[in-house]
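In what follows, every chain begins at residue 1, and chains take the letters A, B, ... in the order their sequences are listed. Everything numeric here is computed off the predicted structure, so don't read it as measured data.
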Number of protein chains: 2
Amino acid sequence: MSEKRLNQAIETLKESGVRITPQRHAVLEYLLNSMVHPTADEIYKALEGKFPNMSVATVYNNLKVLREVGLVRELTYGDSSSRFDCNTSDHYHTICNNCGKIVDFHYPPLNEVEALAEQVTGFDVSHHRLEVYGTCPDCQKVGTKKH
Amino acid sequence: MSEKRLNQAIETLKESGVRITPQRHAVLEYLLNSMVHPTADEIYKALEGKFPNMSVATVYNNLKVLREVGLVRELTYGDSSSRFDCNTSDHYHTICNNCGKIVDFHYPPLNEVEALAEQVTGFDVSHHRLEVYGTCPDCQKVGTKKH
DNA sequence: TATTTATTTATAATCTTTACAATTAGTTTA
DNA sequence: TAAACTAATTGTAAAGATTATAAATAAATA
Ligand SMILES: [Mn+2]
Ligand SMILES: [Mn+2]
Ligand SMILES: [Zn+2]
Ligand SMILES: [Zn+2]
């Protein structure tokens, strides 16, 4: 079933005139199969077995291309490095204060908030972001150490 | 009137056993008078006239202290550097896609979202963050260039 | 096949933030 | 007040993530 998403994504890339290189394909495939919102470095490390000569710059380049085409979203939190999400459907995130885990979380879009923000601030609103923080179930059980 | 907030903040620091140095006082005062959620570097540059020998490390050190005491909140967005907000009351932010301006924006806390996130994900929720993005009134008028 | 263009690679550079050790300043005690 | 103690500042180095650059390579086109 993940095959379908991959093929659709490749189709999108082709339509945008972007070449499907082995490295690009691998980054895309890894993201599609990943549920953990990985960092650029995590992707790099995960693929270095298959592509021993791949540069970390290639990962960044491809993430940028995928983002520009709309296949990938970049998530920027306080912690140093960006995370990448190929689930571009509308959804929010819950983040563990302890281990950093990021979990998808569906909720009806907060349109009223956007509308009110527009009224109050005079902004022409395009979108919003929301994250809920807390302790994940795993970290609740044990008194787990940080990270 | 800003005097009052400054004195209260200084009182909080004293109670925490933190020394009130001239540099610390200046950083705090600058933040209290600033409406623009400045970066560490902006604070550093703003104070270099008054403290020509101050190190940028001092700014970071003091921001850390002020944060730990609860007088300052750190805002982390996608753009490289953190921003600092000494308005610790509950409020959200609206951010301009074009010029990066950050505007306070009051709205009743989204408790229902937190409650549902708890139910759905099993997290023990502590807090959430929300930002609304769009084009600010100034940038709507003119076809202003980025940044 | 020859040519053109996009992509990759390797590496250097940039930028923000933190770490560290020495110096200075503030506080406490005698 | 002087001495002793502790916290804070300074200057600089180091870390870590990301971007820039130029040469090499691969893909696409003619
Ligand atoms: Mn997600
Ligand atoms: Mn604010
Ligand atoms: Zn956790
Ligand atoms: Zn603007």
Side-chain angles (χ1 to χ4, degrees), chain A residues 10 12-30 37-69 71-84 100 146-147, chain B residues 10 12-30 37-69 71-84 100 146-147:
Chain A
I10 288 173
T12 305
L13 284 175
K14 278 184 185 165
E15 283 165 13
S16 307
V18 174
R19 292 181 187 168
I20 318 296
T21 65
Q23 295 90 338
R24 184 165 290 158
H25 188 280
V27 169
L28 178 58
E29 190 176 26
Y30 180 80
H37 309 82
T39 63
D41 198 59
E42 282 165 5
I43 298 171
Y44 174 65
K45 286 198 164 57
L47 299 181
E48 71 181 354
K50 212 172 181 179
F51 298 90
N53 297 321
M54 184 168 65
S55 168
V56 69
T58 299
V59 175
Y60 279 102
N61 288 341
N62 282 319
L63 288 170
K64 191 182 175 194
V65 169
L66 295 174
R67 180 160 44 87
E68 285 167 353
V69 174
L71 287 171
V72 164
R73 273 202 295 175
E74 184 174 359
L75 311 175
T76 52
Y77 303 119
D79 72 331
S80 45
S81 41
S82 287
R83 299 183 160 274
F84 296 89
K146 269 223 172 153
H147 211 162
Chain B
I10 287 172
T12 304
L13 285 174
K14 278 184 183 164
E15 282 164 12
S16 307
V18 174
R19 293 181 185 168
I20 319 294
T21 65
Q23 294 90 337
R24 184 163 291 159
H25 188 280
V27 169
L28 178 59
E29 189 175 25
Y30 180 79
H37 309 83
T39 64
D41 198 58
E42 281 166 4
I43 298 171
Y44 174 65
K45 285 198 167 58
L47 299 180
E48 73 180 353
K50 212 173 182 178
F51 298 90
N53 297 320
M54 184 167 64
S55 168
V56 69
T58 299
V59 175
Y60 279 101
N61 288 342
N62 282 320
L63 287 170
K64 192 183 176 194
V65 169
L66 295 175
R67 180 160 43 86
E68 285 167 352
V69 174
L71 287 171
V72 164
R73 273 201 297 175
E74 184 173 358
L75 312 174
T76 53
Y77 304 118
D79 71 331
S80 45
S81 41
S82 286
R83 299 182 162 274
F84 297 88
K146 269 224 171 150
H147 213 163

Test B:L66 against B:L13 for side chain to side chain contact (heavy atoms under 4.5 Å, CB included), laying out the working first. CA-CA 8 Å; B:L66 295 175; B:L13 285 174; 4.0 Å; yes
Could you walk me through whether A:I43 and A:N62 pass the side chain to side chain contact (heavy atoms under 4.5 Å, CB included) check? CA-CA 11 Å; A:I43 298 171; A:N62 282 319; over 6 Å; no
Reading nucleotides 7-26 of chain D from 5' to 3' and marking B where a protein heavy atom lies under 4.0 Å of the base, S where only the sugar-phosphate is that close, and - otherwise, the string is BSBBB-----SSBB------
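Considering CG of B:L71 and CG of B:L63, their distance stands at 11.5 Å, rounded to 0.5 Å. Interatomic distance, B:I10 CD1 to B:L28 CG, rounded to the nearest 0.5 Å: 6.0 Å. A distance of 7.0 Å separates CZ of A:F84 from OH of A:Y60, quoted to the nearest 0.5 Å. Interatomic distance, OG1 of A:T39 versus CG of A:L75, reported as 11.5 Å (0.5 Å rounding).
Between the C1' atom of D:dA28 and the CG atom of A:L13 lies a distance of 16 Å, rounded to the nearest Å. For the pair B:E42 CD and C:dT17 C1', the computed distance is 16 Å after rounding to whole Å. Protein atom NZ of B:K14 is 13 Å distant from nucleotide atom C1' of C:dG26, rounded to whole Å. Rounded to an integer number of Å, the gap from OH of B:Y77 to P of C:dT17 is 14 Å.
D:dA30 is paired with C:dT1 under the Watson-Crick or G-U wobble criterion, all donor-acceptor distances under 3.5 Å.
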